[in-house]
Amino acid sequence: MDGAMKDNDISKVVEADKAHVWHHLTQHKAFETTDPRIIVEGKGMRVWDQNGKEFLDAVSGGVWTVNVGYGRVEIADAIRDQLVKLNYFAGSAGSIPGALFSERLISKMPGMSRVYYTNSGSEANEKAFKMVRQIAHKRYGGKKTKILYRDRDYHGSTLATMSAGGQDERNAQYGPFAPDFIRVPHCMEYRAQWDLSGEEYGQRAADTIEEVILAEGADTVGALCLEPITAGGGVITPPPGYWERVQEICTKYDILLHIDEVVCGVGRTGTWFGYQHYGIKPDFVTMAKGVASGYAAIACCVTSEKVFDLFKDDASDPMGYFRDISTFGGCTAGPAAALVNMQIIEDENLLENCINMGDRMLGNLAELMEKHKVIGDVRGKGLFLGAELVADRGTKEPVSEKDVGAVVAACGAQGVIIGATNRSVPGLNNTLCFSPALIATADDIDKITDAVDNALTKVFG
């Protein structure tokens with residue numbers, strides 16, 4: 001680590017953090033006797049903490065974000081240059097980077113047309129929810145207000161997005177929630193809800209969506225909001241036949257299809273967007289994390305021209321346009337960073353690398369599954385992978401969240417940061433999660449899976 005802080009300086013930082021910072025997803029009682037981890041520096045796939053300990057980051061910043069790795073001077077330079085020229089103007093006007101990135105982004109999304117800038121994935125999803133509700137009033141007499149969401153999916157941490165949250169432990173103690181958000185069953189074949197497999201299972205899982213629509217009344221359902229691959233709910237890849245049937249159902253009942261790409265978007269699965277693996281045609285696509293790889297805050301709600309046209313009214317309807325604002329959607333650093341981020345992915349062939357390294361990692365995990373009976377399933381696409389841990393393969397009884405945490409800690413002790421589902425799905429927080437940067441090398445992948453191998457041996461024998 002270059003430019004390490006002096007011991008007395010870093011101790012002041014630690015004390016300031018303990019006294020004043022409220023960390024995300026953290027029980028702070030522990031900090032009465034231990035120090036929080038402070039990440040001081042990052043370069044490529046590595047980060048260093050306040051003690052100078054080096055870690056290989058297998059989760060891209062902890063929450064699947066830093067897709068092109070740390071220390072990208074070219075992104076930082078683009079942000080600096082743009083901020084000096086123009087740092088901000090409200091989104092009611094345009095900006096040069098905003099216009100140029102929207103054009104570049106849409107070129108990667110055939111069938112999509114318009115980009116609404118905002119500053120977080122939660123907010124991007126709320127924009128889509130608001131559009132659906134306004135369309136219901138403008139076109140359907142206020143009836144098609146219901147938004148369907150899927151068990152185990154996650155769409156954000158605001159009250160509206162939690163209303164569409166399929167992870168009950170994430171939602172616990174935060175209700176009551178907004179009305180007219182309706183849950184549909186998950187599509188996870190490993191934890192099958194029917195005695196079917198493959199395409200038959202995929203189609204049956206999708207058919208349950210139609211059953212919910214009919215039970216609610218098709219004339220009341222405005223949109224279906226799904227992750228292309230469920231992320232924090234267990235890295236769940238959809239079975240074959242699932243997405244094709246979902247598309248048919250949405251078309252049949254005039255239901256808008258909202259794909260939440262906050263995790264999968266901008267290369268994570270080996271395509272620009274996760275939905276592009278499945279040949280579907282969404283009406284909304286929301287994205288955030290990897291759009292600028294965490295170098296600046298940016299999120300987007302992208303729509304088709306069909307959706308956009310529903311808000312183009314003449315002056316006789318002064319309430320007809322989308323009456324919404326996202327203050328920091330007007331920051332220019334985000335699209336400036338996103339332009340360079342996308343260029344790096346193209347210039348360095350990172351989509352291809354994502355596929356190749358993802359195949360290597362999936363193969364490594366499959367080998368670990370043969371060695372360790374505690375691994376019940378491995379799954380994923382590209383560099384977006386999960387390994388579900390079970391106490392018994394026959395019954396698929398999950399291991400405890402405490403044991404999963406011990407595996408994560410054992411990897412950390414080896415200098416490798418991995419992720420895991422936690423406080424999300426009651427009784428099923430048992431999946432190790434991996435999302436290394438798209439720049440990962442074969443050596444990086446092998447080091448990650450070697451650490452997991454050692455950790456499983458330590459925790460489970």
Side-chain angles (χ1 to χ4, degrees), residues 24-27 62-65 118-133 145-188 191 193 205-206 208-209 212-213 215-216 220-238 242 246 255-265 274-275 282 284-289 299 301 384 386 398 401 419-431 433 435:
H24 301 182
L25 298 173
T26 299
Q27 173 52 261
V63 285
W64 13 58
T65 296
T118 179
N119 62 288
S120 74
S122 297
E123 193 177 2
N125 284 325
E126 287 215 26
K127 302 309 180 190
F129 295 164
K130 288 179 67 176
M131 290 175 188
V132 170
R133 293 283 171 89
T145 59
K146 293 178 183 175
I147 296 170
L148 307 185
Y149 66 94
R150 186 170 57 195
D151 184 29
R152 298 184 71 132
D153 278 12
Y154 176 80
H155 301 295
S157 58
T158 63
L159 283 175
T161 53
M162 291 178 77
S163 301
Q167 299 177 12
D168 290 341
E169 286 189 344
R170 293 266 177 156
N171 291 356
Q173 302 177 349
Y174 297 117
F177 297 111
D180 282 358
F181 287 91
I182 311 297
R183 186 176 297 195
V184 301
H186 67 74
C187 66
M188 187 180 189
R191 299 220 169 255
Q193 301 156 95
T208 63
I209 298 174
V212 172
I213 291 168
E216 294 292 327
T220 70
V221 179
L224 171 65
C225 178
L226 303 174
E227 293 181 272
I229 298 170
T230 299
V235 190
I236 302 168
T237 49
Y242 180 79
V246 167
I255 291 171
L256 297 167
L257 181 56
H258 170 181
I259 305 297
D260 179 347
E261 293 270 357
V262 170
V263 172
C264 294
Y275 76 87
F284 304 94
V285 179
T286 48
M287 63 194 74
K289 299 177 185 294
C301 177
F384 182 39
E401 188 169 340
T421 52
N422 63 90
R423 307 300 195 280
S424 298
V425 182
L428 289 167
N429 297 307
N430 62 319
T431 301
C433 301
S435 55

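A quick note: this is a predicted structure, and the numbers were derived from the prediction, not measured.
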So, does [X] use its side chain to make a donor-acceptor pair with the main chain of [Y] at under 3.5 Å?
| X | Y | value |
| --- | --- | --- |
| D153 | G166 | no |
| T230 | G233 | no |
| R150 | H186 | no |
| E261 | Y275 | yes |
| T208 | A206 | no |
| Q193 | M188 | no |
| N422 | A420 | yes |
| T118 | A299 | no |
| T26 | H24 | yes |

Please tell me if the side chains of [X] and [Y] come closer than 4.5 Å, counting only heavy atoms from C-beta onward.
| X | Y | value |
| --- | --- | --- |
| W64 | V262 | no |
| V63 | K289 | yes |
| Y154 | N125 | no |
| L256 | L224 | no |
| I259 | F284 | no |
| C225 | F129 | yes |

Legend entry - Verdict with supporting geometry, D180 and R133, side-chain contact (heavy atoms from CB on, under 4.5 Å): CA-CA 10 Å; D180 282 358; R133 293 283 171 89; 3.5 Å; yes
Legend entry - Within 6.0 angstrom of F177 CZ, more than 12 heavy atoms from elsewhere: yes
[X] and [Y] ion-paired at < 4.0 Å:
| X | Y | answer |
| --- | --- | --- |
| E126 | K130 | no |
| R183 | D151 | yes |
| D168 | R152 | no |
| R423 | E169 | no |

What is the minimum heavy-atom distance between [X] and [Y], and which atoms define it?
| X | Y | answer |
| --- | --- | --- |
| Y149 | S163 | CE2-O, 3.4 Å |
| F181 | A164 | CD2-CB, 3.7 Å |
| S122 | G156 | OG-CA, 3.1 Å |
| E216 | T220 | O-OG1, 3.2 Å |
| G234 | T431 | O-CG2, 3.7 Å |

Legend entry - Polar contact flag, side-chain donor to acceptor under 3.5 angstrom, S424-T421: no
Legend entry - Ring geometry between H258 and H155 (parallel below 30°, tilted from 30 to 60°, perpendicular above 60°): tilted
Inset, instruction - Evaluate side-chain contact (heavy atoms from CB on, under 4.5 Å) for K146 paired with I213, printing each intermediate quantity in order. - result: CA-CA 10 Å; K146 293 178 183 175; I213 291 168; over 6 Å; no
Inset, instruction - Enter the distance from N171:CG to T161:OG1 here, rounded to the nearest 0.5 Å. - result: 9.0 Å
Inset, instruction - Determine, step by step, whether V212 and L148 satisfy the side-chain contact (heavy atoms from CB on, under 4.5 Å) criterion, reporting the C-alpha distance in whole Å, the side-chain angles of both residues, the deciding distance to 0.1 Å, and the verdict. - result: CA-CA 9 Å; V212 172; L148 307 185; 4.2 Å; yes
Inset, instruction - Kindly indicate, with the supporting measurements, whether the criterion side-chain contact (heavy atoms from CB on, under 4.5 Å) is fulfilled by C301 and M131. - result: CA-CA 10 Å; C301 177; M131 290 175 188; 4.2 Å; yes
